[in-house]
Structure formats: C-alpha cells, structure tokens
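Below is one structure, written out as structure tokens; comments come after it.
Counting starts at 1 for both ligands and their atoms, in listed order. Below, all heavy atoms of this structure are taken into account, side chains as well, without hydrogens, waters or symmetry copies. Residue numbers count from 1 along this sequence.
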Amino acid sequence: MNKKLRKAVIAGNWKMNKTRPEAFDLIEAIKPLAANADCEVVVCVPFTNLETAVNAVKGTNIRVGAQNCHFEKSGAFTGEISADMLAELGVEYVVLGHSERRQYFAETDETVNKRLKAALAAGLKPIVCVGELLWERECGITDEVLGKQCKLDFYGISADDMRKTVIAYEPVWAIGTGKTATAEQAEEACAYIRSVIAKLFGKDVADAVTVQYGGSMNAKNAAELLSKENVDGGLIGGASLKAPDFGEIIKAANG
Ligand code: 13P
C-alpha cells in the first residue's frame with residue numbers, strides 16, 4: 001500500500017462463527033496483537049456478538065463492525081437490522097454487498113447501493129465488497145464486472161461519503177477456497193477499482209479511498225499482498241478466527 005496516502009484497514013469478517021463467550025475470548029486474544037498497530041484493526045462479528053464486542057474493545061484500538069444492515073430506517077422487515085440500530089450500539093463499520101450475501105441472499109447492486117446510503121446516513125463506515133466470479137475472470141471481463149459494480153454500488157453518493165467508504169476487492173473464486181489471487185492479480189484489480197473511483201469522484205478521492213483485498217488472505221501471504229501499491233489492507237475470513245494468524249496479518253500491515 002501507499003502509506004503516504006492511506007492507512008491500511010485490516011478487518012476480520014467472522015461470518016457466521018462464534019458464540020458470545022467465544023467472541024469475547026477471541027477479542028481478548030487479539031487485543032495484545034493489535035495494541036501497537038499503525039493500521040486500523042476491525043472485527044466484523046455476527047449481530048448477536050456486537051454488544052459483547054463493543055464492550056470488550058473499550059479502551060483499545062480495535063473497532064467493531066457488523067456484516068450487513070437493512071436500507072430502511074425501521075418498519076415491517078422481519079429479521080432485519082437497521083443502520084441506526086448498529087450506530088446506537090457503538091458499532092463503527094458495516095460490511096455491505098459481500099459475495100455470500102449476493103449469492104445466497106439475493107443481494108443486488110441496487111440494494112447494496114441503498115444499504116450504503118443508509119449506512120452513511122447513520123454515520124457508519126461501510127466496507128463495500130466487489131469482485132468477479134471465476135467464470136467472469138475466465139471470460140476476460142473482470143474489469144467490466146468491477147466497473148459496473150462500482151458504478152452501481154456507489155451511485156448517487158457524495159465525494160465526501162466516498163472518502164469514508166472502504167472498498168474490498170474480493171474475487172469470488174478466492175473466498176474460502178484457499179486459492180489466493182496472486183499479489184499481481186490483486187494489485188491489478190485494486191488499481192483498476194481506484195481508476196474507476198478517480199473517473200467517478202476525482203483523483204483526490206481515489207487517492208484517499210481504502211481498497212482492501214479479501215480472499216484466502218492468511219499469515220503467510222499477507223505481507224506480499226500488502227506490499228502492493230494499491231492494496232490497502234485486507235478483509236479476512238477464515239484466518240481472522242485464529243488470533244495468532246490475524247496478529248501476523250496485522251504485523252504484515254505494519255510492515
Ligand atoms: P476467506 O479469508 O475465508 O477466504 O474469506 C474472505 C472473505 O470473504 C472476507 O470477507
């Protein structure tokens with residue numbers, strides 16, 4: 001990453017893992033590993049763990065994120081959680097448009113865009129996930145897919161709000177598969193995403209915006225991925241559930 005322009009954001013996406021006592025223990029184990037980090041450290045935990053996490057990180061440099069929010073402020077949306085509810089809890093970040101939500105829960109660019117606007121209005125820092133399927137990469141349309149997702153997901157937001165938004169480049173074929181994008185592939189895609197943001201919002205915003213890589217990032221490959229100019233951190237699934245591994249990734253970002 002380019003440390004002169006941006007600060008790395010290392011975020012764990014715990015997905016549907018950990019009960020409250022387990023979440024508490026994992027955060028306790030992460031605390032000393034994050035204590036001297038010069039990157040932003042975030043744990044994105046299941047809804048049921050948010051209050052536990054917010055209390056556990058008090059007085060530390062660890063931030064708490066949720067993994068989704070609804071786009072309406074309130075109402076008859078059984079099972080959903082609003083951005084205001086998260087903000088009131090003390091949650092700072094929210095992951096939006098993760099490929100698992102797109103794949104299993106019919107999330108579309110249109111609803112990601114609506115959720116993004118709701119999250120920003122509530123004062124949350126969104127982490128918006130974009131990324132191509134293996135089939136799309138093989139067909140040579142990775143740039144088109146990323147460009148389309150960025151145009152639709154970030155439609156109608158202000159330049160100031162874009163600056164507050166973290167983008168996570170997560171190639172779908174690299175998620176949970178153990179197949180990491182090469183550092184070159186990650187750099188190429190993150191740089192392309194930044195060029196799209198430059199066209200839409202101007203170079204200053206593009207230089208300031210954080211573009212993470214996500215997809216089988218781990219203690220071994222993090223340093224190489226994070227050494228790339230346009231890779232400003234990571235959104236980490238499996239390896240964020242093991243404190244020593246997550247700690248190694250934080251160290252790599254400090255690098
Ligand atoms: P893995 O690190 O388990 O591949 O998951 C990546 C991811 O989806 C983070 O949001």
Exam field: side chain Ser240 to backbone Phe246, donor-acceptor pair closer than 3.5 Å
no
Can you confirm whether the side chains of His98 and Glu170 place a donor and an acceptor under 3.5 Å from each other?
yes
Which side-chain N or O atoms in residues 248-255 pair as donor and acceptor under 3.5 Å with protein atoms at least two apart or in another chain?
{"unit_1": "Glu248", "atom_1": "OE2", "unit_2": "Lys251", "atom_2": "NZ", "d": "3.3"}
{"unit_1": "Asn254", "atom_1": "OD1", "unit_2": "Asp38", "atom_2": "N", "d": "2.8"}

Within the protein, flag every N or O under 3.5 Å from an N or O of ligand 1, and note the pair and distance.
{"unit_1": "ligand 1", "atom_1": "2 (O)", "unit_2": "Ser216", "atom_2": "N", "d": "3.4"}
{"unit_1": "ligand 1", "atom_1": "2 (O)", "unit_2": "Gly237", "atom_2": "N", "d": "2.9"}
{"unit_1": "ligand 1", "atom_1": "3 (O)", "unit_2": "Gly238", "atom_2": "N", "d": "2.9"}
{"unit_1": "ligand 1", "atom_1": "4 (O)", "unit_2": "Gly176", "atom_2": "N", "d": "2.7"}
{"unit_1": "ligand 1", "atom_1": "4 (O)", "unit_2": "Ser216", "atom_2": "N", "d": "2.7"}
{"unit_1": "ligand 1", "atom_1": "5 (O)", "unit_2": "Lys15", "atom_2": "NZ", "d": "3.2"}
{"unit_1": "ligand 1", "atom_1": "8 (O)", "unit_2": "Lys15", "atom_2": "NZ", "d": "2.8"}
{"unit_1": "ligand 1", "atom_1": "8 (O)", "unit_2": "His98", "atom_2": "NE2", "d": "2.7"}
{"unit_1": "ligand 1", "atom_1": "8 (O)", "unit_2": "Glu170", "atom_2": "OE1", "d": "3.3"}
{"unit_1": "ligand 1", "atom_1": "10 (O)", "unit_2": "Asn13", "atom_2": "ND2", "d": "3.0"}
{"unit_1": "ligand 1", "atom_1": "10 (O)", "unit_2": "His98", "atom_2": "NE2", "d": "2.9"}
{"unit_1": "ligand 1", "atom_1": "10 (O)", "unit_2": "Glu170", "atom_2": "OE1", "d": "3.2"}
{"unit_1": "ligand 1", "atom_1": "10 (O)", "unit_2": "Glu170", "atom_2": "OE2", "d": "2.9"}

Carboxylate-amine/guanidinium proximity below 4.0 Å for Lys3 and Asp232:
no
Steps toward side-chain hydrogen bond (donor to acceptor under 3.5 Å, both in side chains) verdict (Glu132, Trp173)
CA-CA 8 Å; Glu132 81 287 0; Trp173 47 272; 2.9 Å; yes
Begin from the C-alpha positions of Asp207 and Lys203 and carry the test salt bridge (Lys or Arg N to Asp or Glu O under 4.0 Å) through to its verdict.
CA-CA 6 Å; Asp207 280 345; Lys203 186 173 181 305; 2.7 Å; yes
